[in-house]
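The structure presented is a predicted model; accordingly, all values stated were derived computationally and were not measured.
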Amino acid sequence: MASKTVLSCGVLLFQERPLHAYLVLYRKDGSPDLPKGHQEKGESDEETALRELVEETGIRADRVRLTPGFVFDSTYATKAKKSGEPVQKTVRVFHGVVDGPVSVELEGH
């Protein structure tokens, strides 16, 4: 039997000014992560990615420009967090740019 498929969408965020920088979050165990999460009903992939960015960093979506056509998918086998059942997970990451410095307010990282 094929495992369930799940999708998470997120943003790899770059800052252009005053210095070139990018945002990487770190989990409690020290492993790197990006702001990402599961879609809510009726959301597009881009809307999901931006909502998760806002929820996990406090960076407003209206400050971010997603680069058209620049998206990366990574699919791998893992286990569902709640049930432990095997799933095929796809993480869809969009390239985003913020023009100037922003304040980051971390939630859960």
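Clustering ILVMFWY residues whenever any of their side-chain heavy atoms sit less than 4.5 angstrom apart, transitively, puts Y76 in the very cluster that holds V93. Hydrophobic cluster membership is shared by V11 and V102, with clusters built from Ile, Leu, Val, Met, Phe, Trp and Tyr side chains linked at under 4.5 angstrom. Under the 4.5 Å side-chain heavy-atom criterion for Ile, Leu, Val, Met, Phe, Trp and Tyr, F70 and F14 are members of distinct hydrophobic clusters.
A salt bridge is absent between E46 and R92: the closest approach of a Lys/Arg side-chain nitrogen to an acidic carboxylate oxygen does not fall below 4.0 angstrom. The residues D62 and R60 are annotated as salt-bridged, a charged nitrogen and a carboxylate oxygen being separated by less than 4.0 angstrom. A salt bridge is defined here as a Lys NZ or Arg NE, NH1 or NH2 lying under 4.0 Å from an Asp or Glu carboxylate O, and D99 with R17 meets this definition.
At least one side-chain heavy atom of V91 sits less than 4.5 Å from a side-chain heavy atom of K36. The closest side-chain heavy-atom distance from Y26 to S31 is not below 4.5 Å. At a threshold of 4.5 Å between non-hydrogen side-chain atoms, the residues K89 and S8 count as touching. No side-chain heavy atom of T90 sits under 4.5 Å from any side-chain heavy atom of S74. Residues H38 and L7 are not in side-chain contact: their nearest non-hydrogen atoms beyond the backbone lie 4.5 Å or more apart.
Summarising the geometry of P18 relative to P101, their closest heavy-atom pair is CD-CD, 3.5 Å, with the distance given to 0.1 Å. Looking at every heavy atom in both residues, A77 comes nearest to Q88 through CB-OE1, 3.4 Å.
One distance of note links CG of L13 with OH of Y22; it measures 12.5 Å at 0.5 Å rounding. Once rounded to the nearest 0.5 Å, the distance linking CZ of R63 with CG of L50 reads 13.5 Å. Atoms CD and OG1, on E105 and T57 in that order, are 8.5 Å from each other to the nearest 0.5 Å. For the atom pair CG of D45 and CG of D73, the computed distance is 8.5 Å after rounding to the nearest 0.5 Å. Atom CG of L12 and atom NE2 of H95 lie 6.5 Å apart (nearest 0.5 Å). Rounding to the nearest 0.5 angstrom, the gap separating the CG atom in L23 from the CG atom in L53 is 7.0 Å.
When atom types are taken as modelled, the side chain of E47 and the backbone of S44 share a donor-acceptor pair closer than 3.5 angstrom. No side-chain donor-acceptor contact under 3.5 Å links E16 to the backbone of H20.
Exactly one of V64, L34, T48, L66 qualifies for a side chain to side chain contact (heavy atoms under 4.5 Å, CB included) with F94. That residue is L66.
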Salt bridge (Lys or Arg N to Asp or Glu O under 4.0 Å) for R51 and E43? Distances and angles first, verdict last. CA-CA 10 Å; R51 177 183 50 76; E43 279 185 325; 2.6 Å; yes

